[in-house]
Every structure is written in C-alpha cells, then in structure tokens.
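I am attaching a structure below and will ask some questions about it afterwards.
Here is how names work: the chains are called A, B, and so on, in the same order as the sequence lines, proteins then strands, and each is numbered from 1.
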Amino acid sequence: MIRFYNTLSGRLEEFKPVKPGEVRLYTCGPTVYDYPHIGNYRAYIFEDLLKRFLLFSGFRVRHVMNITDLDDKTIRGARSQGIPLADYTRKYIEAFFEDIKTMRILPADVYPRATEHIPDMVRMVKGLLDKGYAYIKEGSVYFSIEKFPAYGRLSKINLDELKAGARIDSDEYEKESVHDFALWKKAKEGEPFWETELGPGRPGWHIECSAMSTRYLGPTIDIHCGGIDNIFPHHENEIAQSEAYYGQKFVNYWLHCHHLVVEGEKMSKSRGNFYRLRDLLNKDVDPLDLRFLLLSTHYRKMLNFTFDNLAQAKAARQRIIDFVYELEHRTWASGSEPQVSALADKTLTEFTKTLADDLNISAALAVVFDFIREINLGLTRDMIKKTEAEKILKTIYKLDEILAILPEKKDENLPAEILEKIELRQKARKEKNFKLADSIREELRQMGIILEDTKEGIRWKKIK
RNA sequence: GGCGCGGUACCCAAGCGGCUAAGGGAGAGGUCUGCAAAACCUCGAUUCGUCGGUUCGAGUCCGACCCGCGCCUCCA
C-alpha cells in the first residue's frame with residue numbers, strides 16, 4: 001500500500017489513481033525570469049523522487065510540468081532589457097533543460113508554455129463568465145470568490161480573518177472584493193497582449209496552470225505537486241477555477257514540498273544567502289552530491305542548506321560509490337551463498353516499503369546503508385562469491401533507479417601521463433622508495449585521483 | 001492578528017503508545033597496510049526543548065510554557 005500526505009485532507013491517505021496503473025501528475029514548473037535557485041531544485045528533486053518511485057512501483061506516469069513564460073516578472077524582465085518577451089525567456093528555458101539533466105531529473109512528458117496556450121485560457125475564462133463565476137470590470141475579468149463556497153479548503157484559510165489582517169493590495173486592477181483574483185488582465189501600455197474574444201489583454205497567473213494542466217491531463221488529476229508557498233493563493237485559486245469550470249474534482253492528492261533555508265534563514269538576495277544552482281556548480285559542487293543532499297531530507301520537512309551539510313552528504317554518497325567500486329573491481333571465487341542473495345531481496349523489499357510510506361527517504365537510505373554494511377562485512381570475510389556479487393550490484397543499481405546518485409560509468413580511463421606516474425610509483429614501492437611513492441600519491445591526490453593499494457593490486461578512483 | 005512547521009547524541013536525521021532510541025557524517029581506540037586510503041570491529045543519547053497530565057506503559061497522546069522558522073503580497 002502506498003500512502004501520501006494529502007494537504008487537502010491534512011492526513012496520510014492511501015494512494016489510488018483514478019485509472020488503475022496510471023498516474024496523472026502535474027508539477028508546477030519554473031517561472032523563467034532568472035536561473036532557478038537551489039530551493040526550486042529541492043522541489044523538482046522531491047517531485048523526481050515521487051515520479052521515480054511511482055515508475056519503480058509499476059505505474060505508468062503521465063507527467064506535465066508547465067513553464068511560466070508569461071507573468072509579471074517575465075514581463076518586467078523583458079521590459080527592463082528592452083527585448084521581446086520570448087527573447088528574454090529563451091535563455092532561461094534552455095538553462096532549465098540543461099540543469100534538470102545535470103541534476104538527473106527525469107523529463108516530463110509535456111512542458112506546456114503559457115504563451116502557447118492562450119486560447120485554452122480564454123476558453124476557460126469565457127466559460128467561467130458564462131457560468132456566473134466571473135465578472136468583467138474595466139476590461140479585466142475576475143473570479144468571484146463568494147460564488148465558490150469551497151474556497152479556502154486547501155489552505156484552511158478563513159476569508160473573514162484574512163480580511164482582518166489589514167494587508168495592502170498590490171494588485172493594480174479594480175475588483176469587487178479584495179480576494180477576487182484576476183483571470184484576464186486588460187492590456188496595458190508597454191505590456192504584451194493578445195487580441196481575443198475577451199478583448200486585448202493577457203491571462204492571470206492562476207488560470208495558466210488550470211488551463212494547461214487540464215488540457216493535457218483531463219479535468220481530474222491524480223497528483224498535483226508544488227512548493228508549500230503555492231498552497232495559498234495559487235493552488236487554492238486553481239481549484240476554484242477548475243472545479244467551477246468543469247464541475248468535478250480537480251485534484252485527488254495535493255503533495256507540497258517544504259522550503260529550503262540557508263544557514264537557518266530564508267534564502268533571499270538581500271541577505272546574501274541566495275544560491276542559484278549555477279552558483280554552486282561554478283564552485284565545483286558535484287551536482288549529484290547536491291542531489292543527494294536535497295533528496296535525503298523528507299519533503300515535508302524544512303531543509304537547511306549549509307556547506308557543512310553538503311560535505312556530509314558528499315561523504316555519505318561516497319560511501320555508496322566506494323561500495324559499488326569495490327564490487328566492480330574485485331575478482332570473485334565461484335560458488336554461491338544463498339543467504340546473501342536473500343539479503344539483497346529483502347533490501348529491495350524494505351526499501352520500497354519505506355518509500356511507500358509517504359516517501360520516507362531517511363528510512364529508505366538506512367535500509368541501503370544497512371545492506372552495504374552487511375555486504376562489506378561479508379567482503380572482509382571472503383564470503384561473497386561470484387553469483388552474489390552480480391546480484392548485489394544489480395540490487396544497488398536497481399535502488400539507484402530511484403536515487404539516481406551513482407556516477408556515470410564513462411571515463412574509466414586515465415591519461416597516459418598519469419598512468420605512467422602510477423607505474424613509476426609502483427616501481428618505487430617495489431624498491432621500497434616510499435618517499436618517492438608517497439610524493440607521487442600526494443601529487444595525484446591533489447589532481448583528484450586517489451590511489452589505494454590493495455591485495456589485488458593498485459586501484460585508483462576519481463574524486464571531484 | 002490568523003494559519004502552519006520544527007526542537008531526538010558534536011552535526012544531519014528516522015521513529016506515529018510497548019523488544020537494549022534506526023541510519024549517515026565527524027570523533028576516539030583497534031584490525032589490515034611500508035605508511036596511507038577503503039573496509040571491518042569496539043566506544044559514543046539511562047535519554048528525546050521545559051513543566052504538568054492521561055496510561056500498566058509516552059520522543060510517540062493531551063495541556064501550558066520556552067526557543068527557532070515559515071506563510072497570510074510575486075515566490076518552489
């Protein structure tokens with residue numbers, strides 16, 4: 001049984017997709033006005049874990065992630081540079097696709113862009129007007145919240161109380177009630193607009209997601225993910241629009257990822273603790289170390305990013321890498337040891353079971369490390385035979401289908417000059433010239449190559 | 001003001017009423033090694049923010065309080 005914490009009900013629920021064996025997943029994508037920061041990637045990696053787990057469990061997953069290339073921020077950005085919106089957003093869109101690849105995030109099936117779905121949005125807004133959920137004021141269209149009694153159910157927000165906390169309404173448009181939100185914004189001087197049946201203008205931010213999600217996934221979606229900060233008002237508004245328009249349940253399971261903070265404080269440019277993914281990669285951070293760090297804290301818990309935590313994640317990940325390395329480079333005695341095989345099976349079962357419990361990644365990783373310790377113990381006692389060695393490796397790679405933290409098995413070769421140095425050191429060792437041998441070892445270590453002398457000969461590994 | 005999250009060893013972190021409180025990192029001692037590295041073994045919280053309560057039994061449920069953080073405005 002798979003259980004997830006559903007924000008809508010506020011408790012753990014058994015997961016049952018609308019259509020057995022198939023999951024329709026919608027995740028809020030990037031707003032392409034800048035390079036995404038590591039907090040964005042925390043959310044994307046949580047979603048990736050979820051998706052990989054579902055795939056691993058045998059579901060077919062239809063995944064849609066929108067790209068917000070039309071909103072206040074992108075418009076402001078394009079205008080400040082005096083270039084067309086599409087030219088402005090293009091480089092961020094390209095960067096996004098590059099980055100999710102380096103972070104090993106599985107691509108979605110569809111990446112709809114707001115600018116390419118204006119007609120879908122217009123159709124929905126028109127429908128909401130026809131059904132009486134929306135009204136026009138001075139050329140703009142607004143959703144009338146009082147027409148939708150279920151409003152506030154997701155965020156548990158009470159509108160009367162909201163009203164009490166006097167807040168400044170930053171929206172420059174006229175509406176009947178403070179909490180009504182714009183579905184369609186009348187064209188403004190210097191802003192891009194579309195000529196439509198609603199008149200010249202552009203869509204409001206919330207309707208973009210409602211239109212694009214239901215366009216590709218149908219009126220009822222199994223799982224909708226996003227950051228915790230999107231619960232109100234964005235997701236609340238999505239529910240209102242979609243359910244008012246389609247007359248049926250919009251989303252069955254709402255999964256929200258908690259924030260990432262840096263050094264215990266909210267990331268912000270003014271505080272100087274703001275990191276884009278690229279800032280870190282330029283500092284020689286291994287993207288997979290970062291992936292491991294972002295992955296290893298439960299998605300509903302606040303994650304504190306520090307460089308110390310990153311170093312800890314790196315060390316933990318290295319333990320797994322070293323384990324795989326050992327298995328791949330040893331020579332094995334033939335024969336078999338059925339107990340070891342059973343342990344591998346048990347590990348896989350336990351791993352899946354812990355993740356099925358609302359993606360309890362910490363418990364899942366504990367299962368992995370328990371397995372590694374057990375096998376390493378067997379290794380020191382020469383209890384692992386060829387048959388098992390293969391099975392163990394297969395198991396680890398199976399686990400990595402979900403974790404995706406093992407390095408690519410590409411450059412297994414070293415440049416000739418380095419190989420020569422290793423040879424030289426071997427010779428020095430043979431002649432008991434340890435001083436020379438140690439200096440070569442140190443020299444290579446500086447270059448990121450670690451040498452290890454084992455019973456079966458010398459081994460090297462790269463360390464970034 | 002309203003809504004919500006968290007406080008478990010030096011650090012990260014699981015645990016959702018009942019075996020000796022997972023796992024990782026760092027540390028100490030040991031085995032192996034020319035020395036290292038890796039690996040293995042051993043050690044490490046009589047205790048889970050504080051104080052009360054419920055219970056045969058509580059990090060685990062209830063109440064109060066203290067501390068840290070987030071949201072309520074664009075935001076993953």
Determine the Euclidean distance between corresponding P atoms of B:rC43 and B:rA37; express it in Å to zero decimal places. 22 Å
Which base, if any, makes a Watson-Crick or G-U wobble pair with B:rA38, both distances under 3.5 Å? none
Is there a Watson-Crick or G-U wobble partner for B:rC10 with both distances under 3.5 Å, and which nucleotide is it? B:rG25
Would A:Y44 and A:Y41 count as a close aromatic pair, with their ring centres under 6.0 Å? yes
Would you verify whether the NZ or CZ of A:R319 falls within 45 degrees of the ring axis of A:F369 while also being under 6.0 Å from that six-membered ring's centre? no
Once you apply a heavy-atom cut-off of 4.0 Å, does A:K73 come out as touching a base, just sugar-phosphate, or nothing? base
For A:Q339, I'd like to know if atom CD has over 12 heavy atoms of other residues, nucleotides or ligands within 6.0 Å. no
Pair A:D345 + A:K391, salt bridge at N-O below 4.0 Å: yes
Does the side chain of A:K266 get closer than 4.0 angstrom to OP1 or OP2 of B:rC71 through an N or O atom? yes
Pick the C1' atom in B:rC67 and in B:rG24, then give their distance to the nearest Å. 27 Å
Starting at the 5' end of RNA chain B, which residue's closest nucleotide do you reach first, A:H37 or A:A316? A:A316
Could you give the CG-to-P distance, from A:N376 to B:rC41, as a whole number of Å? 9 Å
Between the protein and nucleotides 26-28 of chain B, list every N/O to N/O distance that falls short of 3.5 Å.
none

Any side-chain N or O of A:R319 below 4.0 angstrom from OP1/OP2 of B:rC40? yes
Run the ring-centre check on A:H37 versus A:F274 and record whether the distance is less than 6.0 Å. yes
May I ask you to say what A:T31 touches in the nucleic acid, namely base, sugar-phosphate or nothing, with a heavy-atom cut-off under 4.0 Å? sugar-phosphate
Strictly by Watson-Crick or wobble contacts shorter than 3.5 Å, is anything paired with B:rG18, and which nucleotide is it? B:rC56
Its glycosidic angle compared against 90° from 0, B:rG59 adopts the form syn
Using a strict threshold of under 4.0 Å (side-chain N to carboxylate O), is an ion pair present between A:R278 and A:D99? yes
Do the rings of A:Y111 and A:F97 sit parallel, tilted or perpendicular, given the 30° and 60° boundaries? perpendicular
Select base, sugar-phosphate, or nothing to describe what A:G39 touches, counting heavy atoms under 4.0 Å on all strands. base
What does A:D322 touch in the nucleic acid at a heavy-atom separation under 4.0 angstrom: a base, only the sugar-phosphate, or nothing? sugar-phosphate
Salt-bridged, A:K427 to A:E423, with N to O below 4.0 Å? no
Across every strand shown, the nucleotide meeting Watson-Crick or G-U wobble geometry with B:rC69 (both distances under 3.5 Å) is B:rG4
Taking the P atom of each, how far is B:rU47 from B:rC56, in whole Å? 25 Å
What is the distance, to the nearest angstrom, from the CZ atom on A:F181 to the P atom on B:rU73? 14 Å
Between A:F307 and A:Y275, does the ring centroid distance fall short of 6.0 Å? yes
Under the salt bridge (charged side-chain N to carboxylate O under 4.0 Å, His left out) definition, can you give me all pairs with a residue in residues 26-35 of chain A, not counting sequence neighbours? A:D34-A:K269, A:D34-A:R276
Base, sugar-phosphate, or nothing for A:L260, non-hydrogen atoms under 4.0 angstrom? base
Nucleotide paired to B:rA45 in any strand shown, Watson-Crick or G-U, under 3.5 Å: none
Check every strand shown and say whether A:L377 touches a base, only sugar-phosphate, or nothing at a heavy-atom separation below 4.0 Å. sugar-phosphate
Reading nucleotides 5-23 of chain B from 5' to 3' and marking B where a protein heavy atom lies under 4.0 Å of the base, S where only the sugar-phosphate is that close, and - otherwise, the string is S-----BSSSS------BS
Integer angstrom distance from the C1' of B:rU55 to that of B:rC62: 12 Å
B:rA64 pairs with, by Watson-Crick or G-U criteria that keep both distances under 3.5 Å: B:rU50
Would you kindly check whether a donor in the side chain of A:R459 faces an acceptor in the base of B:rA38, or vice versa, at under 3.5 angstrom? no
Could you tell me whether A:R425 contacts a base, only the sugar-phosphate backbone, or nothing, with contacts defined as non-hydrogen atoms closer than 4.0 Å? base
Rounded P spacing from B:rA64 to B:rA21 in Å: 30 Å
Nearest-angstrom distance, P atom, B:rA28 to B:rC66: 41 Å
5'-most contact on RNA chain B: A:D438 or A:K156, nearest heavy atom basis? A:K156
Check every strand shown and say whether A:H234 touches a base, only sugar-phosphate, or nothing at a heavy-atom separation below 4.0 Å. nothing
State plainly whether the residues A:K51 and A:D48 are in salt-bridge range, i.e. N to O under 4.0 Å. no
